[in-house]
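Fair warning: this is a prediction, and the values are worked out from it, not measured in the lab.
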Amino acid sequence: MVAKAVNVAKGETDYSTRIDAETWDFIHKVEIHYPPDTVDLDVSGQRAVYNTMCGAFRQAYPAGVTAKDCLVGDVPLRCYQRQGTNADAVVLYCHGGGFVVGGLDSHDDVCAEICDQTGFAVVSVDYRLSPEYAHPAAYDDCVAAFHWVRDHYNLPLVLAGDSAGANLAAAVAHTVRTVTALAGMVLIYPSLGPLKSTGSYAEHAHAPLLSIDEMEFYEAIRSNGADTTSDATFAPLVDNDFYGLPPTVAISAECDPLCDDSKEYCVAIQNAGGSAIWINEAGLVHGYLRARHTVNRARDSFSRIVAAFDAFGHRRDLTHSDLLNISV
């Protein structure tokens with residue numbers, strides 16, 4: 001998700017010193033390409049502006065990485081591979097975008113770089129978007145993609161996604177845990193719901209690049225008026241059973257209303273006897289994956305993300321200290 005420019009008012013969190021100059025430069029560039037009045041456009045207009053913003057940050061594929069689009073049922077997928085490499089694992093990646101914007105192109109370079117840096121196959125899923133398709137359409141598409149990837153590759157499988165996509169990855173993990181032993185799960189500033197008025201949701205209600213107002217807007221579109229209060233496929237944090245989930249790394253941005261979702265989700269997995277590591281990236285904001293080439297903090301975080309993929313794909317143990325000690 002992306003959001004309108006932030007006006008720091010009385011009683012709101014002051015980010016002037018919490019966020020460093022590099023990250024402010026990134027924020028301002030996003031706002032140039034995704035101006036405040038974008039939220040007043042209709043959905044097709046928002047998608048057009050979002051796609052333009054994604055294009056402004058898009059990086060070229062690393063040498064040797066190729067991608068091929070395919071259709072599994074009615075679900076478009078993009079499959080990445082690094083030439084000359086026999087992949088040891090496969091990553092199923094669900095893109096962010098508030099369940100309303102985004103697609104195969106919006107996170108194309110991120111997936112290509114994950115493929116390059118791990119040597120793993122990566123499959124990105126182009127799930128259906130709201131409001132044309134309300135919940136559970138996106139979830140259903142990701143479940144279908146999971147079954148195809150599992151059967152087609154027959155490799156250790158890591159589920160992953162950012163923001164809304166991380167929600168979908170987690171929902172899939174909750175669904176398939178009794179039939180498939182996943183290698184791991186990597187959730188990047190995940191939205192795991194439900195929305196709250198306390199903790200990080202209150203402290204960072206008007207954070208740069210994502211606000212509570214935008215979150216409420218996207219949630220209302222996705223639910224289309226349905227009662228989702230106890231639906232773990234809509235908000236995995238409302239599940240009453242966290243047993244049997246794969247080893248998980250959840251990475252949050254400090255200056256993000258969603259920050260507490262990562263912490264609470266990891267605690268729930270740990271309390272159920274599972275393995276989960278929460279990393280909170282100081283001074284970073286929602287959507288910082290696009291800053292991985294220009295902001296040192298984001299670059300280091302992406303290195304941690306890649307390290308988590310590598311460890312899970314190779315079935316290696318991973319600790320909180322292992323990830324914290326990684327930097328470029």
Side-chain angles (χ1 to χ4, degrees), residues 47-48 50-97 99-129 132-133 137-166 168-169 171-173 176 180 182-188 289-290 292-293 302 305-306 308-310 312-314:
R47 287 174 182 162
Y50 180 79
N51 291 340
T52 299
M53 184 273 294
C54 293
F57 288 93
R58 188 169 180 173
Q59 302 291 317
Y61 279 20
V65 173
T66 60
K68 180 179 180 180
D69 291 352
C70 67
L71 196 64
V72 175
D74 295 325
V75 183
L77 305 177
R78 182 167 293 168
C79 305
Y80 301 79
Q81 65 177 6
R82 191 175 72 186
Q83 293 177 333
T85 301
N86 291 321
D88 295 324
V90 58
V91 174
L92 176 60
Y93 194 93
C94 306
H95 68 82
F99 307 98
V100 174
V101 300
L104 294 180
D105 291 337
S106 64
H107 291 65
D108 184 46
D109 52 348
V110 171
C111 291
E113 289 178 29
I114 292 170
C115 174
D116 177 61
Q117 294 190 35
T118 61
F120 298 163
V122 177
V123 178
S124 177
V125 53
D126 193 13
Y127 55 83
R128 285 171 290 175
L129 300 175
E132 295 91 338
Y133 303 97
Y139 160 78
D140 290 341
D141 289 350
C142 291
V143 170
F146 163 82
H147 286 295
W148 182 84
V149 169
R150 180 195 62 185
D151 297 340
H152 181 77
Y153 285 90
N154 193 28
L155 291 169
L157 197 160
V158 182
L159 283 172
D162 66 286
S163 191
L168 293 168
V172 171
V176 306
T180 301
L182 294 166
M185 184 160 56
V186 179
L187 308 177
I188 305 161
L289 274 181
R290 300 189 198 287
R292 68 194 180 281
H293 290 284
F302 190 63
I305 291 165
V306 169
F309 282 128
D310 188 70
F312 288 154
H314 289 113

Working to the nearest 0.5 angstrom, can you tell me the gap between [X] [atom1] and [Y] [atom2]?
| X | Y | atom1 | atom2 | value |
| --- | --- | --- | --- | --- |
| L159 | F312 | CG | CZ | 11.0 Å |
| D116 | Q81 | CG | CD | 12.5 Å |
| S163 | L187 | OG | CG | 11.5 Å |
| D310 | I305 | CG | CD1 | 14.0 Å |
| H95 | S124 | NE2 | OG | 6.5 Å |

Next on the checklist: For D141 and Y133, which I'm curious about, is there any donor-acceptor pair between the side chains at under 3.5 Å?
Outcome noted: no
Sub-4.5 Å side-chain heavy-atom contact between [X] and [Y]:
| X | Y | answer |
| --- | --- | --- |
| R58 | H107 | no |
| V125 | Y93 | no |
| L182 | F146 | yes |
| V149 | L157 | yes |
| Q83 | V65 | no |
| W148 | C70 | yes |
| N51 | M53 | no |

Where do [X] and [Y] come nearest, in terms of heavy atoms and distance?
| X | Y | answer |
| --- | --- | --- |
| V158 | A183 | CG2-CB, 4.1 Å |
| R290 | F57 | O-CD2, 3.6 Å |
| G102 | L129 | O-CD1, 3.5 Å |
| V172 | C142 | CG2-CB, 3.8 Å |
| T118 | I114 | OG1-O, 2.6 Å |
| G161 | A169 | N-CB, 4.3 Å |

salt_bridge([X], [Y]) N-O dist < 4.0 Å:
| X | Y | value |
| --- | --- | --- |
| R47 | E132 | yes |
| D126 | R78 | no |
| R292 | D109 | yes |

Checklist entry - Yes or no on side chain to side chain contact (heavy atoms under 4.5 Å, CB included) for C115 and Y61, after CA distance, side-chain angles and deciding distance? => result CA-CA 10 Å; C115 174; Y61 279 20; over 6 Å; no
Checklist entry - Under the 3.5 angstrom rule, does the side chain of D162 hit a backbone N or O of G96 as a donor-acceptor pair? => result yes
Checklist entry - Sub-3.5 Å donor-acceptor pair from the side chain of T52 to the main-chain atoms of A48, do we have one? => result yes
Checklist entry - Run the side chain to side chain contact (heavy atoms under 4.5 Å, CB included) check on V123 and V91 step by step: do they pass? => result CA-CA 6 Å; V123 178; V91 174; over 6 Å; no
Next on the checklist: Let's go through T66 and Y80 carefully: what are the C-alpha distance in whole Å and the side-chain angles of both, what is the deciding distance for side chain to side chain contact (heavy atoms under 4.5 Å, CB included) to 0.1 Å, and is it a yes or a no?
Outcome noted: CA-CA 6 Å; T66 60; Y80 301 79; over 6 Å; no
Checklist entry - Is the gap between the ring centers of F309 and H314 under 6.0 Å? => result no
Checklist entry - Can you list the steps and then say if F302 with Q117 is a side chain to side chain contact (heavy atoms under 4.5 Å, CB included)? => result CA-CA 10 Å; F302 190 63; Q117 294 190 35; 3.5 Å; yes
Checklist entry - Which of parallel (below 30°), tilted (30 to 60°) and perpendicular (above 60°) describes F99 and Y127? => result tilted
Checklist entry - Just wondering, are more than 12 heavy atoms of other shown residues or ligands nearer than 6.0 Å to CG in N154? => result no
